[in-house]
Participant: 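Following this message is one structure expressed as structure tokens.
Scope of the values below: all heavy atoms of this structure, side chains included, with no hydrogens, waters or symmetry mates.
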Amino acid sequence: MPFVVQIVAAVGTVGYLSFRSGEKAVNDMAVLLQEEVSDRTKQQVISYLERPTFALKTIVAA
């Protein structure tokens with residue numbers, strides 16, 4: 001019986017540590033993805049807002 005308890009404890013510990021490691025990896029990737037989406041959105045908004053300014057400068061220069 002003590003052998004079974006040791007095996008169950010070892011498997012449980014390894015399973016728990018694996019779960020925590022996987023959870024941390026997923027959270028890290030989620031943060032990276034959020035930052036990437038934020039950066040790309042910011043770039044698109046800046047690009048969109050610069051177009052009218054460029055067009056106006058072109059018209060004034062003509």
Side-chain angles (χ1 to χ4, degrees):
M1 191 62 165
F3 182 70
V4 172
V5 172
Q6 286 178 340
I7 295 295
V8 169
V11 169
T13 302
V14 169
Y16 174 75
L17 293 174
S18 295
F19 175 77
R20 294 291 296 182
S21 176
E23 188 176 39
K24 184 181 180 319
V26 168
N27 286 335
D28 291 346
M29 289 302 296
V31 168
L32 289 175
L33 181 60
Q34 288 174 343
E35 291 173 356
E36 180 73 21
V37 168
S38 175
D39 290 343
R40 288 186 183 204
T41 302
K42 182 179 175 182
Q43 289 173 354
Q44 290 294 324
V45 168
I46 289 171
S47 174
Y48 178 78
L49 293 175
E50 286 177 347
R51 288 182 189 153
T53 305
F54 177 74
L56 184 60
K57 286 179 183 178
T58 304
I59 291 171
V60 170

Participant: How long is the gap from CG on Leu56 to CZ on Arg51, to the nearest 0.5 Å?
Facilitator: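 Rounded to the nearest 0.5 Å, the CG-CZ separation comes to 16.0 Å.
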Participant: Determine whether Val11 and Phe19 fall in the same hydrophobic cluster, where Ile, Leu, Val, Met, Phe, Trp and Tyr are linked whenever their side-chain heavy atoms lie under 4.5 Å apart.
Facilitator: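 The answer is no; the residues belong to distinct hydrophobic clusters.
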Participant: Answer yes or no: is there a donor N or O on one side and an acceptor on the other, between the side chain of Ser21 and the main chain of Leu17, under 3.5 Å?
Facilitator: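 Side chain of Ser21 to backbone of Leu17: no pair is present.
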Participant: Can you tell me how far CG of Asp28 sits from CG of Leu33, rounded to the nearest 0.5 angstrom?
Facilitator: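 Rounded to the nearest 0.5 Å, the CG-CG separation comes to 12.5 Å.
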Participant: Arg40 and side chain to side chain donor-acceptor pair (under 3.5 Å): which partner among Gln43, Glu36, Gln44?
Facilitator: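 Exactly one pass, corresponding to Glu36.
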Participant: Any side-chain heavy atom of Glu50 within less than 4.5 Å of one from Thr53?
Facilitator: no
Participant: Would you check if the side chain of Ser38 reaches a backbone N or O of Gln34 as a donor-acceptor pair within less than 3.5 Å?
Facilitator: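 No; judged by distance alone, with no hydrogens or angles, the pair does not exist.
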